[in-house]
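Heads up: the structure comes next, in structure tokens.
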Amino acid sequence: MRKPIVAANWKMHGSRQMTRELISAVDEGLDNGWSVEVLVCPPFVYIDEASKQLAGTDILLGAQHLNPNPGGAHTGEISASMLVDLGCSHVIVGHSERRAMYGDDDQVVAANFVAAQEAGLVPVLCVGESLEEREQGITDQVVCEQLSAVLDAAGVEAFANAVVAYEPVWAIGTGKTATPEQAQAVHKTIRGLIAGHSDKIAGDLRILYGGSVKGSNAQALFGMPDIDGGLIGGASLKADEFVAICAAAGTLE
Ligand code: 13P
């Protein structure tokens, strides 16, 4: 069985104090008996603080973005090897906010994915449709195109060491969660696309759902056969909510 992952995407929130307090409260709330991997992705500037706080815990550390170049004249940017140096094991690539606001198109996302893996990071590849695209009935097409851009660049083998997150744009930060059935249908499509290249890799791939996940709706979502945990925004900033989501993932029958 695939071990679920619950990942916190803090987005552009926090402070040094919040980083210390939130991580310490989450760590205290987690139960060793739960079968779940927990990942925290703070803003770049708090990764080091988080890394110190996480020492000795089982919580994994990730970043929200990277620049695909190995180094050099890229003012303001952060490379994959810098993230590894700070103790990161994961990095989010292709989040819809970056796709919509910072020009991360499919080519950029694929380059970021490849650069992350080359440095030893596990990319968490986000895909998802807008409300308009869902209403046009092209959800599967949009998601498959986003995924195919990375498959073409990196090959299916790369997905043995990656995580996919399905995040419908209309469900992010809106309080409108996809129903478990809506999410399951897209997760099945994603796994099916990968299975077209390798059944084994598809069967092992963790596919997370993101978009207004809360303690109260997590169990129903994570109970679906192709949903292997969540990528959590707003609710990851509240320790009790985030821990409740981890509990839902970690105590599935
Ligand atoms: P919310 O949980 O706030 O809807 O955000 C989801 C998300 O974008 C996580 O990456």
Side-chain angles (χ1 to χ4, degrees), residues 4-14 18 22 26 36-44 46-47 50 59-66 83 88-102 104 108-109 112-113 116 121-131 133-134 139 142-143 146-147 150 162-180 182-183 186-187 190 206-222 224 227-249:
I5 302 175
V6 176
N9 175 8
W10 289 3
K11 307 192 180 181
M12 198 168 72
H13 295 288
M18 191 209 86
L22 184 54
V26 167
V36 59
E37 285 177 20
V38 178
L39 168 66
V40 176
C41 303
F44 286 136
Y46 301 127
I47 289 176
I59 302 174
L60 301 165
L61 183 61
Q64 301 171 17
H65 177 57
L66 79 164
L83 299 177
C88 289
S89 55
H90 291 66
V91 61
I92 298 170
V93 301
H95 192 281
S96 63
E97 287 152 17
R98 296 215 52 94
R99 290 180 190 263
M101 292 186 277
Y102 301 102
D104 290 10
V108 170
V109 173
N112 289 357
F113 182 104
L121 294 167
V122 177
V124 180
L125 169 65
C126 301
V127 296
E129 82 289 1
S130 66
L131 181 59
E133 289 162 340
R134 173 160 284 266
T139 296
V142 168
V143 166
Q146 292 171 340
L147 206 55
V150 177
V163 175
V164 173
Y166 168 55
E167 297 208 311
V169 177
W170 49 272
I172 295 177
T174 58
K176 278 191 216 153
T177 319
T179 65
Q182 280 174 323
V186 182
H187 281 232
I190 292 169
R206 267 87 60 91
I207 306 175
L208 315 184
Y209 168 79
S212 298
V213 179
K214 305 184 276 274
S216 56
N217 59 25
Q219 200 178 15
L221 287 158
F222 301 161
M224 301 308 275
I227 302 184
D228 309 308
L231 180 54
I232 320 300
S236 75
L237 300 170
K238 298 178 208 131
D240 52 348
E241 273 290 313
F242 187 66
V243 167
I245 296 166
C246 295

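When a ligand or atom number is given, it counts from 1 through the structure's own listing order.
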When you measure from atom 4 (O) of ligand 1 to each heavy atom in Ser96, Gly233, Gly173, which option holds the nearest one?
-> Gly173
Would you mind running through ligand 1 and noting each atom that sits below 4.0 Å from a heavy atom of Gly234?
-> 1 (P), 2 (O), 3 (O)
Residue Gly211 vicinity, atoms of ligand 1 by number, heavy atom under 4.0 Å = 4 (O), 6 (C)
So, the side chain of Asn217 versus the backbone of Thr179: is there a donor-acceptor pair under 3.5 Å, distance only?
-> no
Considering only non-hydrogen protein atoms, determine which one is nearest to atom 9 (C) of ligand 1 and report residue, atom name and distance to 0.1 Å.
-> Glu167 OE2, 2.9 Å
Ligand 1 atoms nearer than 4.0 angstrom to some heavy atom of Asn9 are 9 (C), 10 (O)
With a 4.0 Å cut-off, would you call Glu97 and Lys11 a salt bridge?
-> yes
Kindly say whether Cys126 contributes a backbone atom to a donor-acceptor pair with the side chain of Arg99 at under 3.5 angstrom?
-> yes
Give the numbers and elements of all ligand 1 atoms closer than 4.0 Å to a heavy atom of Ala171.
-> 4 (O)
Looking only at protein heavy atoms, what sits closest to atom 5 (O) of ligand 1 is Lys11 NZ, 3.3 Å
Check whether any side-chain heavy atom of Asp228 sits under 4.5 Å from a side-chain heavy atom of Phe222, and report yes or no.
-> no
Begin with the C-alpha distance, continue with both residues' side-chain angles, and end with the deciding distance and a verdict on side chain to side chain contact (heavy atoms under 4.5 Å, CB included) for Val36 and Ile5.
-> CA-CA 6 Å; Val36 59; Ile5 302 175; 5.9 Å; no
Side chain Glu241, main chain Gly215, donor-acceptor under 3.5 Å | yes
Min heavy-atom dist Ser212 to ligand 1 below 4.0 Å = yes
